[in-house]
Amino acid sequence: MQKHEITDFFQTICQNKVIWGIVNDEGMPRIESNTFTDDQVYSIFWTSKEQALAACEYSFIKCKPVAIPILDFVENICIAMLFQDVYAGVIVDGEKEAIELNPAEAMEYIAHALQSQGKTLPFRYFENLPDLLNVAESIQKLIKIGWNEDNYYHFPTTSLFDRRRAFPVQLFLHSIAEK
């Protein structure tokens with residue numbers, strides 16, 4: 001897989017202002033990783049509704065496509081994936097298998113795409129994109145040393161993000177799936 005294809009994926013979703021995922025009654029389905037032995041892909045993401053819909057018709061029959069605004073993807077989905085130490089799978093046009101990315105990598109690609117397009121995001125839980133990326137890096141470091149959901153009150157953050165106030169990801173997904 002070429003890096004420019006991944007870059008094009010993120011350029012497209014930033015241009016369209018949404019990334020497409022799929023949901024079922026339990027939220028976003030997890031798919032076993034093809035790349036990493038002990039990790040799971042949190043969910044698969046596409047650039048268009050048509051691609052997500054096709055996946056629902058053939059591979060994920062009990063799922064339906066859902067448009068996720070870029071802001072919600074980085075503030076809710078990517079942060080949740082970091083906390084759960086799982087990966088995101090992106091489907092590049094014409095490919096059958098997902099490219100598995102660490103959520104922090106996905107956020108970096110989005111940051112570069114937004115910058116190249118001269119766009120910004122109106123963050124709710126972070127001061128700006130660098131603040132979001134710094135928090136993502138802190139989460140990754142804490143996960144590596146054994147931090148988990150049980151001790152999240154010890155999460156050292158200087159950002160506006162407060163995990164206890166963050167909109168629960170599964171409620172968010174169900175709310176946009178209903179639309």
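All residue numbers in this chain count up from 1 along the given sequence. Computed from heavy atoms alone, side chains included, the values below leave out hydrogens, waters and symmetry copies.
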What closest approach, in Å, do [X] and [Y] show between heavy atoms, and which atom pair accounts for it?
| X | Y | answer |
| --- | --- | --- |
| Ala104 | Leu82 | N-CD2, 4.1 Å |
| Ala111 | Leu129 | CB-CD2, 3.2 Å |
| Ala55 | Trp46 | CB-CZ2, 3.4 Å |
| Ala52 | Pro65 | CB-CB, 3.7 Å |
| Cys14 | Lys119 | O-NZ, 3.0 Å |

- May I ask you to decide if Tyr125's main-chain N or O and Glu75's side chain share a donor-acceptor pair within less than 3.5 Å? yes

- Query: Just by distance, do the side chain of Asn24 and the backbone of Glu26 share a donor-acceptor pair under 3.5 Å?
  - Reply: yes

Answer whether the closest heavy-atom distance between the side chains of [X] and [Y] falls below 4.5 Å.
| X | Y | answer |
| --- | --- | --- |
| Ile13 | Ile70 | yes |
| Val135 | Glu127 | no |
| Leu71 | Arg124 | yes |
| Ile6 | Glu105 | no |

What's the spacing between [X] [atom1] and [Y] [atom2] if we round to 0.5 Å?
| X | Y | atom1 | atom2 | value |
| --- | --- | --- | --- | --- |
| Met81 | Leu101 | CE | CG | 9.0 Å |
| Asp25 | Cys63 | CG | SG | 9.0 Å |
| Lys64 | Ile22 | NZ | CD1 | 12.5 Å |
| Ile99 | Ile91 | CD1 | CD1 | 8.0 Å |

- Dump the intermediate steps for side chain to side chain contact (heavy atoms under 4.5 Å, CB included) on Phe126 and Ile79, then the final yes or no. CA-CA 11 Å; Phe126 302 91; Ile79 291 295; 4.0 Å; yes

- Message: Could you work out, with side-chain contact (heavy atoms from CB on, under 4.5 Å) as the rule, every residue matching Gln11, not counting sequence neighbours?
- Response: Thr7, Ala113, Ser116, Gln117

- Using the rule that two of Ile, Leu, Val, Met, Phe, Trp, Tyr join whenever any of their side-chain heavy atoms come within less than 4.5 Å, decide whether Phe123 and Ile77 are in one cluster. yes

- Item | Passing option when Phe45 is tested against Trp20, Phe73, Tyr87 for ring pair (Phe, Tyr, Trp, His ring centres under 6.0 Å) | Phe73

- Lys17 atom NZ, over 12 foreign heavy atoms within 6.0 Å: no

- Query: What residues, two or more places apart in sequence or in another chain, satisfy ring pair (Phe, Tyr, Trp, His ring centres under 6.0 Å) together with Tyr109?
  - Reply: Phe10

- Item | Qualifying residue, where the test is side-chain contact (heavy atoms from CB on, under 4.5 Å) with Pro130 and the options are Leu132, Leu133, Asn128 | Asn128

